[in-house]
Structures are given as C-alpha cells and as structure tokens.
Amino acid sequence: MEVIKAPRGTRDILGSESWKWAYVSSICREVADDFGYKEVHLPIFEHTELFSRGVGETTDIVEKEMYTFEDRGGRSIALRPEMTASMMRSYLENEMRSANQPVKLWGIGPMFRYERPQKGRYRQFQQMDIEAIGAQDAFVDLEVINFSMELYRRLGLSNLQVLINSVGCPKCRPNYRKKLQDFLKPEHDKLCDSCKNRFDRNPLRTLDCKRPVCKEITANAPSIMECLCDECKEHFDKLMLGLNRIGAVVKHDKRLVRGLDYYTKTAFEILSGDLGSQNAVCGGGRYDNLSEAIGGPHVPSVGFAAGIERIVLTMEAQGCSFGKEPSNKVYVVAAEPCVRIDTMDLVRKLRMNGISADMDYMDRSMKSQMKSAGNMAQYACIIGSEELAKGIITVKNMSESTQEELTIEQLISKLK
RNA sequence: GUGGGUGUAGCUCAAUUGGUUAGAGUACCGGACUGUGGCUCCGGAUGUUGCGGGUUCGAUCCCCGUCACUCACCCCA
C-alpha cells in the first residue's frame, strides 16, 4: 500500500523550521503588546456567507479559491480564506461596540485558499492579522501601518517597499470608476482577456494588470486622486502628513488597488525585494463598509494581514537572526548496557528539575551515544559501574571537551 | 484554471548512441580505540529509478498518461 502524503499545497513545519516560526510569533506578540492589541483565537471555519458577503461575491477568493463544504447539519461552511471578516463578526457578535473604541485585536493562524502552489504561496498558510475596529481617524491608519513597519524592523528585515494609496469610498469611487471606464472604452478591444472580463465588474483592477498591453493603455489613465471626495481626500492627506512626521519611507502608488471588496480609503501593501513573484509580505487597509456588508451597523475600521511563510522566507534570504535554536542541555550516556535503568532514572530526575535531558533507547554503543550527545546537547552525563560505585556522575562539557565528577545534587545545581 | 522545468538510497547527485548485478559522497550502524563525540582508516545496511501503460530481445534513459515538487501566468499573505 502506498504511504499517504500531505495534500497538495500543504506542508509540515518540522523541528528544524518550527523554532523559527515560534520566534516570529513571539515578536508578533511583543509588538502587539506594545501597541495595545489584544490576542483573539477565532474559529478556522465560518458560515460561507460571512465571506461571500464580507469579502465580496465577485472576488477571486470567494469565486474560485474557497474550501467550502456542507456539514452534517446541512450548513454551508467555509475554511477561512482570510481573518478580517471573522474579526468583524466577532466584534459584532460579542458587542464590542460598548467597549472603548477603537477595539484593537490581533490573531495568528492558518488560512486556506485553493490556488496553484508556488514559492511563497500555499493552500494552507499562516497569517498574522491585526485590526483596529470602530474608529474613523486617519491616525489609526497611521498606527496600523506603523505597526507593520515596526514588526519588520524588529524582525530585522530590510529591502522592503511600502506602497500606499486611497481607493475612495462608496461616495466617490463610482465617479472614478465611470471616468476610468470612459477612458478605457475606446481601447477595450486591445485589453487582455481578464481585463476585458472585469471591465464591467471591477475596472479598477486593470490599473495593476501586469501585461504590457494594459500597462501601456493605462499609462495615461486618470488618477483616482482627482476624483476623491473631500472626506477621502482629507483622510489621505492627514495620513500622508502623519507618515511624513514619523519619518516613514512610503511610495504613493496610484495604481495600487485591492482585490477585496470591503476596502475603502487607505490601501497599503509591503513588498519584499527578496521573494519571487509572490512578494507581498503584508497587505491591508481601511474597510469602513465591511460591518454593514455582514449585517452590522456602520463601523469604520482598519487593519492588515502579514504572511508568516513569506516573512520567514525573506528572513532566511537576508540572513536574519531567529534567536537561538533550542537544544537539550544534557544527553545521558550509558557506559555499559546494564546501567540503562540508572540512566533512565537520572534523565527523569533532571527533567523534574527543569533541565532538558535525553538518552538513547536503541542500545547503541557508547561511541554512538557520545556522538548524539555532541550533536544534540551541551553536556554528556556518563554513568557506568565505576560511577555507580562512587555515587557520582561523569559530566562532560561537549563544546569545551572538559569533564568533572559530580554528585546528582551538584549536577542539578550546576545546570539549573 | 494555463504554461515551462524536475522526479534515481534519509539528503546531494552519477550511470556511455537504450545493454545485462543502478553507483558515489554524506548521514546512519559496527569496528580500529575491551568506558569518551568532532579528525583518520576499515567494514556494514539501505532502492518497486514517483506511479501506470507503451515501443524494444532489453528502458533510469525513448513515447503517452497520471501524481507530486518547482517556477511563472493569474491572484494574493
């Protein structure tokens, strides 16, 4: 029988990598604490409707990338493709409107999208997500962008580019949309197939189409900045002023649009110069319409999601530090097979005292056991009939090649 | 969903125009060193050549299909 393999687009994060993940999440937690965000644990699956209404019926994510199934009670369920909609659902469901606004939440966990895997893109992937819910002020947008930059600064990342734009609001975006459509109409036949396709549904996406034909056509397209309403314009100016004040280096990319329907006003993205074509390590923005889309009152909010895989990949490419890789303090070596019961007991006593310890269970030679000690521990603790007779343990420091004889009590107080 | 590249030992890779028993390095285990890792030397174990079919006297090699990995399109974290 063939051994069953992990499904396509999923992967096992094994010991040699998982400590790096633990390091990255610990930094996420630190920054979240410093910025006053509270951690939440949300369900990995939700009602399909939450995403189809929240993220948008016509988005790629909902249209062709969701893992959807019917549960045994006949409900349509989806594995979450992103966390923002769940965050808003939780805010509404738990009546967080009665708390101090904005409510600042963060979370980390797996997301699921049915896509063709490639570098930095998986069907199950990990995201860190932060949301500031319930405030309109552009300085909250500023805080959120600053949060992402601070996170990357602490992780030691470099060669990043921050892109920022405004995508308007329901008041002004339709005007721009109309203006853009009028501009594109004469060139409609020349556009690429997918842009032709979205001409009616989502013409803004033509702006960030990478095909040369479309790029050429849109080179002189009207900018959304000309169409923003006063409110959106002021919001954007205030944000840019703030970014300037904190010395943030950002690029105003007038072509930046977002694929998710709920974005309003601020949209931003951070790109890594050390990834392949899947180079966004962070994407976010303001979503003042999400709450209403899923049946709530008007709740202006802003947040972002960062991809953990892409962060780790970038850190590896840039040789960033992940802190110290954890290893055992002690490997207990049996000099003779007959003392294995004693090595077991020593391992147990060390562990009881909070000293990480391990030993051989394969009846291997002493030489082999010493090898393991050298590979996976700082100290080898050798026990044989001589040690038992004298009531001591031979303790060898593997990196310095020095050794001494200690009683168990001395050993514990030395290593604790 | 579309296209390119790649699948041989745990890992990195060989194998002549298609040729008989598929090799090496590394890691692993044992020994030289009858109780001490790293260096050296000796020995040992390990494969459904991704899977299925086809061509052939004969396929790791050629052809078709399939699966997986990978990169790109698309989309996005």
Side-chain angles (χ1 to χ4, degrees), chain A residues 1-11 16 55 59-65 80-84 108-129 148 192-195 197-198 202 205 208-211 214 256-260 267-272 275-284 303-314 331 333-339 360 362-388 394-403:
Chain A
M1 206 169 72
E2 210 165 318
V3 178
I4 296 170
K5 289 187 275 191
R8 179 155 211 212
T10 68
R11 58 199 201 107
S16 56
V55 177
T59 58
D60 278 14
I61 288 179
V62 168
E63 229 171 29
K64 48 192 194 191
E65 294 174 3
R80 64 180 181 197
E82 58 112 49
M83 201 162 6
T84 304
I108 190 167
M111 308 297 153
F112 305 85
R113 290 184 201 172
Y114 190 88
E115 293 185 277
R116 195 87 176 254
Q118 71 184 76
K119 184 172 186 177
R121 188 170 79 184
Y122 309 95
R123 289 183 174 179
Q124 177 178 335
F125 58 100
Q126 207 79 4
Q127 274 187 350
M128 189 248 185
D129 192 89
S148 66
C192 75
D193 287 349
S194 52
C195 285
N197 234 318
R198 55 196 174 204
N202 198 349
R205 294 213 54 88
D208 71 349
C209 181
K210 285 161 201 144
R211 289 175 202 281
C214 303
L256 177 67
V257 294
R258 314 253 59 215
L260 283 51
F268 79 101
E269 203 164 283
I270 300 184
L271 306 181
S272 162
L275 287 175
S277 66
Q278 307 303 317
N279 60 353
V281 289
C282 168
F304 74 78
I308 305 294
E309 286 84 353
R310 292 181 187 180
I311 288 174
V312 171
L313 281 171
T314 304
Y331 196 86
V333 172
E336 299 137 51
C338 60
V339 301
D360 170 58
M362 300 298 287
D363 284 332
R364 292 183 306 152
S365 65
M366 182 169 180
K367 177 193 171 97
S368 214
Q369 293 180 61
M370 288 301 291
K371 216 176 195 177
S372 297
N375 284 338
M376 51 199 275
Q378 296 166 40
Y379 296 91
C381 288
I382 303 163
I383 301 183
S385 34
E386 285 175 33
E387 283 81 1
L388 289 180
T394 301
V395 180
K396 179 167 184 177
N397 180 320
M398 297 310 278
S399 54
E400 288 166 22
S401 255
T402 55
Q403 69 182 47

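Just so it is clear: chains get the letters A, B, ... in the order the sequence lines come, proteins before strands, and each one is counted from 1.
Of the C1' atoms belonging to B/C76 and B/U17, the separation is 49 Å, rounded to the nearest Å. Comparing B/A27 with B/U70, their P atoms are spaced 27 Å from each other, to the whole Å. Annotation: B/G7 and B/U26 have their P atoms spaced 24 Å apart (nearest Å). Between B/G38 and B/C29, the distance separating the two P atoms is 11 Å to the nearest Å. A distance of about 31 Å separates the C1' atoms of B/G58 and B/U12, rounded to the whole Å. The separation of B/U60 from B/G3, taken at their C1' atoms, amounts to 27 Å, rounded to a whole angstrom. One P atom belongs to B/G5, the other to B/G44, and the distance between them is 42 Å to the nearest Å. B/G37 and B/A77 have their C1' atoms separated by 44 Å, with the value rounded to a whole Å.
Computed from coordinates, the A/Glu82 CD to B/C75 P distance equals 18 Å when rounded to whole Å. Regarding A/Gln124, its CD atom lies at a distance of 14 Å from the C1' atom of B/A77, rounded to whole Å. When rounded to the nearest whole Å, the span between CD of A/Glu309 and C1' of B/C76 equals 13 Å. Between the P atom of B/C76 and the CE atom of A/Met111 lies a distance of 16 Å, rounded to the nearest Å. Atom CG of A/Leu271 and atom C1' of B/C75 are 14 Å apart (whole Å). Remark: C1' of B/C29 and CG of A/Asp360 are 12 Å apart, rounded to the nearest angstrom. One atom, OH of A/Tyr114, and another, P of B/C76, lie 19 Å apart when rounded to the nearest Å. Rounded to an integer number of Å, the gap from A/Phe125 CZ to B/C75 P is 16 Å.
Atom CG in A/Asp129 sits 4.0 Å away from atom CE in A/Met83 (nearest 0.5 Å). Note that OG1 of A/Thr314 and CD1 of A/Ile270 are 11.5 Å apart. Values are rounded to the nearest 0.5 Å. To the nearest 0.5 angstrom, A/Asp363 atom CG is 8.5 Å from A/Gln369 atom CD. Here the CD-CD1 distance, from A/Gln126 to A/Ile311, works out to 11.0 Å after rounding to the nearest 0.5 Å. Atom CE in A/Met128 sits 6.5 Å away from atom CD1 in A/Ile108 (nearest 0.5 Å). Rounding to the nearest 0.5 Å places CE of A/Met111 at 8.0 Å from CD of A/Glu82.
Taking A/Arg11 as the reference, A/Ile13, A/Glu17, A/Trp21, A/Tyr122, A/Glu309 meet the side-chain contact (heavy atoms from CB on, under 4.5 Å) condition, with sequence neighbours excluded. With sequence neighbours left out, the side-chain contact (heavy atoms from CB on, under 4.5 Å) criterion links A/Arg364 to A/Tyr331, A/Asp360, A/Met362, A/Ser368, A/Ser372.
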Protein N or O to nucleotides 69-72 of chain B N or O, pairs below 3.5 Å:
unit_1	atom_1	unit_2	atom_2	d
B/C69	OP2	A/Arg8	NE	2.9
B/C71	OP2	A/Lys119	N	2.6
B/A72	OP1	A/Ser277	N	3.1
B/A72	OP2	A/Gln118	NE2	3.1

note = For RNA chain B, the expected dot-bracket line (Watson-Crick or G-U under 3.5 Å, [ ] crossing, | inter-strand) is (((((((..((((.....[...)))).(((((.......))))).....(((((..]....))))))))))))....

query = Passes side chain to side chain contact (heavy atoms under 4.5 Å, CB included), A/Arg310 versus A/Phe125? Steps please.
reply = CA-CA 10 Å; A/Arg310 292 181 187 180; A/Phe125 58 100; over 6 Å; no

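Put simply, the side chain of A/Ser365 does not reach to within 4.5 Å of the side chain of A/Met370, judged on heavy atoms. At a threshold of 4.5 Å between non-hydrogen side-chain atoms, the residues A/Cys282 and A/Phe268 count as touching.
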Name the atoms and distances for all side-chain donor-acceptor pairs under 3.5 Å in residues 376-388 of chain A, with sequence neighbours left out.
unit_1	atom_1	unit_2	atom_2	d
A/Ser385	OG	A/Glu336	OE1	2.9
A/Ser385	OG	A/Glu336	OE2	3.1
A/Glu387	OE1	A/Gly384	N	2.9
A/Glu387	OE2	A/Thr394	OG1	2.6

inquiry  = Base contacts versus sugar-phosphate-only contacts with protein, heavy atoms under 4.0 Å: please encode nucleotides 33-44 of chain B as B, S and - from 5' to 3'.
reply    = --BBBB------

